Amino acid sequence: MSQYKFDNPILQSYSRFTEFLCNAMGSLYGTVLYGIDPAEKYGEVIAMSGANTHRDIGDPMTPFVKSVYESMLANGYPEMIHVDTEASTADGRIKLCFFPIYDNDQMIGLFVIYTSIELMCDARLLLNQFLGFDSAIDSKNKIPDIINDENLTLTKYMLQLIQEEIDSFAVPVSRMTMDEKRQIVQQLAKKEVFYVKDSVRSVAAQLEVSVPTVYRLLKQE
């Protein structure tokens, strides 16, 4: 590796921002800032904030982050654009937003914001608290709750969506045609049900079909 130093003032500004953002949004979110050596296309962690980042200062890019970085270089992403993606980890699936950082047309850093897919259902609550609407129930600006039951987990919500789609046909599952089941599967896909852990297995059980059949129905137009 070259003697490139990650002391660029732009990177230093982002370094301070990582902590601010996590303090503002809460511990459910995490941020990692990678400094990049443009000459060697090498990056390492120079700042991070939030719980369970599983990263240390000086750690190199993970293979997944490295692949996203190389894709950004190959596709010539302009400044300030961001890329949303997901990945599987030991703690479950996570959603990541990648923000490239440029200086004189060279990418010098990568700012990554992440949260778990399971926690995305709490985003409205977090945003309402951040905006100061946690107690202003009658505020016109308050984002309405879709999930009113405080004890409703994401898994229960997923099962509820599956059952609602099945009930919308007013036909017992045992008498449904495969085309009707296909319509249910694809409607659930539009509602992003299949981002939830064990969703395919749950849908298969509810529709009384096999897991491979659910995947096949997902691919059909």
Side-chain angles (χ1 to χ4, degrees), residues 25-30 50-52 54 64 67-68 71 82-98 112-131 133-221:
M25 297 305 294
S27 60
L28 300 182
Y29 289 82
N52 302 318
H54 303 297
F64 179 75
S67 68
V68 174
S71 176
H82 79 280
V83 175
D84 287 332
T85 187
E86 295 165 16
S88 295
T89 70
D91 298 325
R93 284 190 73 77
I94 58 173
K95 180 177 178 61
L96 305 98
C97 292
F98 290 81
V112 186
I113 305 173
Y114 73 89
T115 188
S116 72
I117 293 293
E118 285 75 10
L119 295 175
M120 290 301 290
C121 63
D122 294 327
R124 293 173 184 80
L125 174 62
L126 290 173
L127 188 54
N128 281 327
Q129 291 176 343
F130 180 64
L131 296 174
F133 298 138
D134 52 326
S135 60
I137 303 301
D138 59 345
S139 171
K140 293 181 179 179
N141 292 320
K142 182 177 173 65
I143 299 173
D145 292 329
I146 291 179
I147 304 176
N148 296 317
D149 183 355
E150 293 181 355
N151 297 316
L152 186 61
T153 64
L154 186 58
T155 299
K156 290 180 180 178
Y157 185 51
M158 171 192 70
L159 294 174
Q160 176 182 309
L161 290 176
I162 296 171
Q163 191 59 54
E164 287 175 356
E165 285 299 322
I166 292 175
D167 292 343
S168 68
F169 277 81
V171 176
V173 171
S174 59
R175 293 173 52 192
M176 283 185 181
T177 65
M178 195 56 68
D179 184 63
E180 288 172 329
K181 293 181 179 182
R182 176 189 61 79
Q183 293 178 52
I184 290 174
V185 168
Q186 295 193 355
Q187 279 298 113
L188 292 173
K190 291 179 181 178
K191 294 182 178 180
E192 300 185 343
V193 163
F194 294 105
Y195 286 132
V196 183
K197 184 179 180 181
D198 293 328
S199 55
V200 174
R201 187 177 292 106
S202 298
V203 171
Q206 294 278 54
L207 292 179
E208 300 177 4
V209 297
S210 66
V211 168
T213 297
V214 173
Y215 283 115
R216 179 169 55 83
L217 294 175
L218 272 170
K219 295 178 181 179
Q220 292 178 0
E221 292 296 335

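Only a predicted model underlies this, so the values are computations on that prediction, with no experimental measurement involved.
- Of the inter-residue distances, the one linking Ser202 atom OG with Leu207 atom CG reads 11.0 Å to the nearest 0.5 angstrom.
- In plain terms, the two heavy atoms of Phe194 and Val185 that are nearest each other are CE1-O, 3.4 Å.
- The distance from the CD atom of Glu180 to the OG atom of Ser168 is 9.5 Å, given to the nearest 0.5 Å.
- We find the CG-CD1 distance between Leu188 and Ile166 to be 8.0 Å, quoted to the nearest 0.5 Å.
- Nearest heavy-atom pair across Ala189 and Leu218 is CB-CD2, 3.7 Å.
- The number of heavy-atom neighbours closer than 6.0 Å to CZ of Arg216, taken from other residues, nucleotides and ligands shown, is above 12.
- The side-chain contact (heavy atoms from CB on, under 4.5 Å) with Thr213 is formed by just one residue from the set Arg182, Lys181, Glu208, Met178; it is Met178.
- With rounding to the nearest 0.5 angstrom, the CD1 atom of Ile184 is 9.5 Å from the CD atom of Gln163.
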